[in-house]
Amino acid sequence: MKPIQSELKAWMDKNENFKTNYTRIKNEILSDPSVKAFLRDHPELTDHDIEKNLMRLYEYKSQSKQCDRCASFGECQNLMQGYSPVLSMDKNEIRLSYEKCHSRIQVEEQEAQQKLFQSLYMPKEILEAKMSEVIQDNSRISAIGEIISFLEEAKSGLPKKGLYLHGSFGIGKTYLLGAIANELKKRNYSTTLIYMPEFVREIKGSFKDDSFNEKIDFFKKADVLMLDDIGAELQSAWFRDEVLGSVLQYRMMEGLPVFFSSNFDLNELEKELASTRNGVEEVKAGRIIERIKQVSSVVKMSGKNRRDE
Ligand code: ADP
Ligand code: MG
């Protein structure tokens with residue numbers, strides 16, 4: 001059998017058309033500025049080496065390098081979206097590999113930041129709440145003061161206590177929680193904000209399946225946990241003691257802050273927590289209140305109901 005190279009040569013000689021095309025493409029590849037620069041850096045490459053690696057050089061030439069031909073990540077035209085080709089030498093072989101391009105790195109960083117504020121069952125206005133848009137009237141002064149010192153302290157490490165914001169319905173407690181979470185995101189802290197009735201539903205729903213411990217862990221370990229609207233939904237003694245109690249206990253031991261919003265002050269909340277379907281259990285309710293005090297500072301808010309604006 002004839003060697004394949006000479007077979008190919010014979011075939012090419014017979015096919016003038018192919019040969020001209022081949023030569024044209026080869027010239028195009030070799031005159032590409034990025035290929036030229038690589039070959040200039042590697043004078044050791046012989047014509048034979050170049051011929052042998054022409055496909056790689058062609059692929060290199062055809063791909064956008066570090067976004068030089070793409071307007072945005074979404075418009076990336078490369079074989080592997082967001083990856084840029086790199087030529088290198090590996091024992092006299094030309095190697096073509098791919099590395100993440102600037103846009104991909106930027107998009108991944110943004111996605112990672114986004115994940116830092118996990119909220120469950122929260123409306124969009126809360127997800128987008130901004131500290132800079134919080135209206136600073138007298139009724140919020142003390143809450144805002146506390147929040148500002150928390151955020152200041154968070155610059156050098158996560159404070160051990162969050163806030164227990166209480167006051168009547170519609171005065172902006174949940175909105176403030178969203179705004180704090182967005183500030184914490186900028187400092188790379190992960191926040192989990194959940195509406196209490198949904199928290200109860202979520203945990204009860206997974207009680208018998210494998211995700212139960214995983215979910216509890218998620219609430220135990222988030223940098224910052226925010227429990228929105230804690231109060232009347234806690235008629236289950238099991239949830240109060242085994243779920244809420246154990247999450248708060250863990251966070252208290254680890255010095256991880258918790259934020260709460262509630263229509264109840266701590267005395268009223270204690271009464272709510274005491275009366276479950278099991279009857280009145282003051283000691284157990286008192287234990288939860290103690291833990292709440294360990295993981296947060298109490299702030300009373302007042303003001304008008306903003307829901308109808
Ligand atoms: P609460 O949790 O105290 O019941 P919310 O946080 O749900 O009250 O606020 C009630 C309404 O007022 C919501 O629609 C919220 O988006 C709006 N709101 C509250 N505070 C602000 C604020 N500082 N700036 C703009 N809108 C606000
Ligand atoms: Mg609320």
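Basis for what follows: all heavy atoms, side chains included, without hydrogens, waters or symmetry-related copies. In this text, all values refer to a predicted model and were calculated from it rather than measured experimentally. As the structure lists them, so they are numbered: ligands from 1, and atoms in each ligand from 1.
Any N or O atom pair closer than 3.5 Å counts here, and I171 shares at least one such pair with ligand 1. Polar contact with ligand 1: absent for D228 (N/O pair, distance under 3.5 Å). Looking at ligand 1, you won't find any N or O of V134 less than 3.5 Å from one of its N or O atoms.
For the atom pair CD1 of I292 and CZ of R251, the computed distance is 13.0 Å after rounding to the nearest 0.5 Å.
Of the protein's heavy atoms, Y175 N, 2.8 Å lies nearest to atom 6 (O) of ligand 1. Among protein heavy atoms, atom 12 (O) of ligand 1 sits closest to R306 CB, 3.4 Å. Atom 13 (C) of ligand 1 has its closest protein heavy atom at E125 OE2, 3.6 Å. Remark: minimum distance from atom 2 (O) of ligand 1 to any protein heavy atom is reached at T174 OG1, 2.7 Å. The shortest contact between atom 7 (O) of ligand 1 and any protein heavy atom is with R307 NH2, 3.1 Å. G172 N, 3.1 Å is the protein heavy atom nearest to atom 8 (O) of ligand 1.
Note on E198 versus R201: salt bridge recorded, some NZ/NE/NH1/NH2 to OD/OE distance being below 4.0 Å.
Both F259 and I148 belong to a single network of hydrophobic side chains, linked directly or stepwise wherever heavy atoms of I, L, V, M, F, W or Y lie under 4.5 Å apart.
Distances from atom 10 (C) of ligand 1 to the heavy atoms of S261, A129, G167, G170 put G170 nearest.
Ring centroids of F219 and Y250 are separated by 6.0 Å or more, keeping the two rings apart.
By the 6.0 Å and 45° rule, K65 stacks over the aromatic ring of Y60.
Checking Y195 against the Mg ion (ligand 2), every N/O/S atom stays at or beyond the 2.8 Å cut-off.
Residues L163 and F260 form no side-chain contact, since every pair of their non-hydrogen atoms from C-beta on lies 4.5 Å or further apart.
Residue E133 has at least one heavy-atom neighbour below 4.0 Å for each of these atoms of ligand 1: 23 (N), 24 (N).
For E99, the CD atom is densely surrounded, since the number of other residues' heavy atoms within 6.0 Å is greater than 12. Heavy atoms from other residues, nucleotides or ligands lying under 6.0 Å from CZ of F73 number more than 12.
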